[in-house]
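Here's the structure we're looking at; comments come further down.
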2 protein chains.
Amino acid sequence: MNPVELIRKKRDGKSLTDDEIKFLVSNYTKRKIPDYQFSAFLMAGFLNGLNKQETAALTRSMLYSGKVIDLSSIPGVKVDKHSTGGVGDKTSLILAPIVAAAGVKVPMISGRALGHTGGTLDKLEAIPGYRTDLSLIEYKSVLQKCGAVLIGQTKEIAPADKMIYALRDVTATVESIPLITASIMSKKLAEGINGLVLDVKTGSGAFMRKQKDARALADSLINTAKSFNKKVIGFITDMNQPLGNYIGNWLEVYESIKVLQGEKVDDLLEVTLNLSSAMIYLGGKAKSIKEGIKISQEMIDNGKAFEKFKEFVELQGGDISLIKNPDKYPKSEFHNKVLAEKNGYVESIDVYEIGMASIELGGGRLKKDDVIDPKAGIIFYPKIGSRLKKGDLIAEIFTDRKNKVEEVRKKLLDAIKISNHKVNKVKLIKQILK
Amino acid sequence: MNPVELIRKKRDGKSLTDDEIKFLVSNYTKRKIPDYQFSAFLMAGFLNGLNKQETAALTRSMLYSGKVIDLSSIPGVKVDKHSTGGVGDKTSLILAPIVAAAGVKVPMISGRALGHTGGTLDKLEAIPGYRTDLSLIEYKSVLQKCGAVLIGQTKEIAPADKMIYALRDVTATVESIPLITASIMSKKLAEGINGLVLDVKTGSGAFMRKQKDARALADSLINTAKSFNKKVIGFITDMNQPLGNYIGNWLEVYESIKVLQGEKVDDLLEVTLNLSSAMIYLGGKAKSIKEGIKISQEMIDNGKAFEKFKEFVELQGGDISLIKNPDKYPKSEFHNKVLAEKNGYVESIDVYEIGMASIELGGGRLKKDDVIDPKAGIIFYPKIGSRLKKGDLIAEIFTDRKNKVEEVRKKLLDAIKISNHKVNKVKLIKQILK
């Protein structure tokens with residue numbers, strides 16, 4: 001096999017065989033195929049597409065570039081959830097302990113913040129002492145002890161994905177459904193799971209702004225999961241407003257604690273409980289998603305989910321005293337309120353801008369090596385359909401960066417489009433795909 | 001400007017500005033943009049195309065990556081010819097002295113053999129002593145003294161083209177009309193010419209097998225030449241049979257000498273005189289192409305063209321005694337005849353296979369560092385429409401490689417499709433474009 005011939009084949013719109021894709025990926029990983037050939041292949045794949053079989057083959061080659069964790073020694077069904085990312089999306093922090101409390105194992109390998117969205121890993125690291133870099137032995141041990149473990153990608157897992165993602169990032173080949181699919185699935189399949197729940201977000205705060213594109217990505221992820229014989233349920237959920245009210249790393253841990261303690265944050269609960277119930281259902285502990293929702297709510301109400309949360313945080317080295325007394329967390333130097341400047345109904349929210357505003361305050365990275373301020377962020381109250389009166393509190397800003405306060409205040413006001421007419425609430429769960 | 005943004009723009013089918021293309025090419029040439037980004041750009045350009053303005057901008061950036069020769073100190077109009085390459089295409093060797101003899105300056109920078117086709121440079125180097133690596137000072141001096149000079153690409157000329165071509169070669173981005181256009185034109189425009197005649201070949205021995213593709217390339221080359229205010233005439237000519245009868249480096253010099261001495265090789269003469277006459281016309285020494293043909297024929301008949309040939313060969317260090325007595329050239333170890341095996345009319349010829357057969361005999365390179373045997377090659381007699389009888393001489397094989405003789409004999413016979421019915425001759429000049 002010759003890399004030029006394979007690039008030409010994809011360039012000319014033909015399909016590559018499993019062996020041809022394996023040849024490209026394994027030789028690229030071994031640095032026998034240079035970056036410039038692989039980037040030409042990526043661009044040809046980006047523009048001409050990869051079919052179902054090619055996407056599965058790419059996933060498989062990337063998956064087996066590293067270690068596939070074997071969790072068969074730990075009893076029970078293992079189910080994870082993957083979200084394509086949004087603003088205020090802290091569902092992993094809440095559903096992992098719910099699902100584990102319900103008796104389904106949750107081995108979760110998460111990512112960092114990407115673009116305007118937050119990352120579970122960065123949120124967990126807001127808890128002093130929390131270690132996201134467990135070894136695979138520690139990972140198994142925490143899972144075995146408490147039924148949930150949340151870490152970051154290790155070097156042993158899908159190293160081809162790391163190399164390919166870094167190349168895609170600098171060659172404008174990121175936004176491709178087959179390439180995104182292989183990147184996500186190669187990491188998730190390495191976790192040793194039996195089932196996977198997918199949360200593909202759509203709207204102004206999602207990577208897939210259009211529902212059509214979100215659906216295409218969900219279908220591609222589901223097809224690939226199925227081709228590896230994994231149980232899978234996909235959700236298309238709304239990201240036209242932040243999920244919950246808290247945005248920023250510690251702020252999202254804080255809101256998660258409150259929800260696990262029984263506080264009712266309607267939109268956040270609706271999405272989280274749908275996802276957790278699907279996980280419980282795939283894990284065989286509920287007969288339907290509907291029953292799964294009931295069980296999930298019970299796990300909050302009886303305190304078992306919050307206990308489980310404290311348990312895995314402690315096992316992973318986190319300072320549990322702050323989980324018990326979250327108001328003792330260090331405070332930002334500046335805490336400013338944003339008030340509505342006119343009357344009306346919230347017609348739309350530019351969630352991308354809200355995500356970017358949180359980054360400006362220190363809550364995220366603009367460059368790879370920026371250091372995150374875990375305290376920084378926004379509490380954002382309005383939802384689509386909310387009625388606002390001039391002077392209403394619409395947001396709170398937390399930052400150590402004094403010079404950003406006024407800029408962010410304006411940005412938040414600009415992100416809200418106000419109408420004189422009544423506006424309907426959004427439907428959060430847009431589609432459930434099996 | 002950011003290379004990733006520019007790759008993305010081309011990837012999304014948008015047009016790049018002149019400055020954006022200049023940024024990419026000049027930074028790539030300075031090695032500030034890495035190969036892997038430039039190859040992603042090339043693949044995006046290959047698949048989404050480059051428009052007229054982008055092609056001109058790419059040409060300009062590649063042209064000004066090096067020296068643009070200033071021939072203004074040499075009086076007269078300077079006109080060159082470029083052919084996209086074929087088998088047996090030795091027109092440059094014949095028309096350069098014809099046109100120079102007619103009073104139009106011919107500054108010609110040629111290339112080596114590519115794929116199955118021959119290269120003017122390799123043919124000239126079959127003449128012992130002939131130097132194709134003149135310095136730019138020597139280049140000007142030969143042109144001034146005799147009105148024609150034929151050399152190879154120097155390091156000073158379009159270095160970006162060398163880098164980009166090497167990258168295209170290993171990333172399956174060669175066969176793109178805008179990229180081919182920029183590669184050809186950046187080198188031709190560096191010669192210091194006022195006018196250019198283009199010979200775009202089509203047929204089984206051409207890179208553009210289909211006339212539609214040849215026409216698209218011709219249009220692109222003509223548009224680009226015009227955007228640099230060069231006079232230009234384009235020909236689409238047939239390459240469904242070798243041009244003339246001699247194929248191989250010295251063999252083609254030999255046939256050129258014979259034609260310059262007045263031998264009538266109909267198809268070769270027809271194409272050559274059309275091209276030379278267009279050059280004479282662009283050089284202002286003929287009022288029409290028709291008159292240019294008359295002048296060209298005169299330059300052969302009165303011996304001035306052959307004198308000019310000997311003049312520039314001598315000025316470039318070539319052994320003139322072999323030009324005067326070409327039969328004294330060293331002979332191949334093996335000289336075999338190929339005879340027709342059945343009766344009929346030649347319906348078609350696979351000229352690509354004949355080009356490859358000549359390479360097998362030693363007349364070309366299969367790998368970059370192969371050494372050419374200048375004596376090796378084929379004399380191939382049949383033309384489309386020729387009537388053959390079993391036992392007729394159809395080809396002669398010249399080689400030092402005994403083991404290739406039988407293989408090539410079969411290949412040549414297989415390359416000829418014989419019909420029982422009469423077949424028309426091909427039209428050689430398919431289109432003239434201005």
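Predicted model, so just to flag it, every value in this text is computed and none were measured. Just the heavy atoms: all of them, side chains too, but no hydrogens, waters or symmetry mates, feed the values below. Below, chains carry the letters A, B, ... as their sequence lines are ordered, and counting in each starts from 1.
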Problem set entry | Considering all heavy atoms, the nearest A/T171-B/Y36 contact | CG2-O, 3.6 Å
Seminar exercise, completed: With sequence neighbours left out, the residues meeting side chain to side chain donor-acceptor pair (under 3.5 Å) with B/E54 are B/K10
Exercise. Is it the case that more than 12 heavy atoms not belonging to B/K430 sit under 6.0 Å from its NZ atom?
Worked result: yes
Problem set entry | pair A/N48-B/L47: side-chain heavy atoms closer than 4.5 Å | yes
Exercise. In Å, rounded to the nearest 0.5 Å, how long is the span from CG of A/D12 to CZ of B/F46?
Worked result: 6.5 Å
Problem set entry | Heavy-atom pair count under 4.5 Å with chain B, highest-scoring of A/P3, A/G13, A/P34, A/S39 | A/S39
Exercise. Which bit of B/F38 is near chain A, if near means a heavy-atom gap under 4.5 Å: side chain, backbone, both or neither?
Worked result: neither
For this session: For B/K22, look at atom NZ and say whether over 12 heavy atoms of other residues, nucleotides or ligands are found less than 6.0 Å away.
Result: no
Exercise. Given the options A/M43, A/Q37, A/R8, A/R11, which has more heavy-atom pairs under 4.5 Å with chain B than any of the others?
Worked result: A/R11
For this session: Pull out the residues in residues 159-169 of chain B that come under 4.5 Å of chain A, heavy atom to heavy atom, sorted by number.
Result: B/L167, B/D169
Exercise. So does B/K67 have more than 12 non-hydrogen atoms from other groups sitting under 6.0 Å from NZ?
Worked result: no
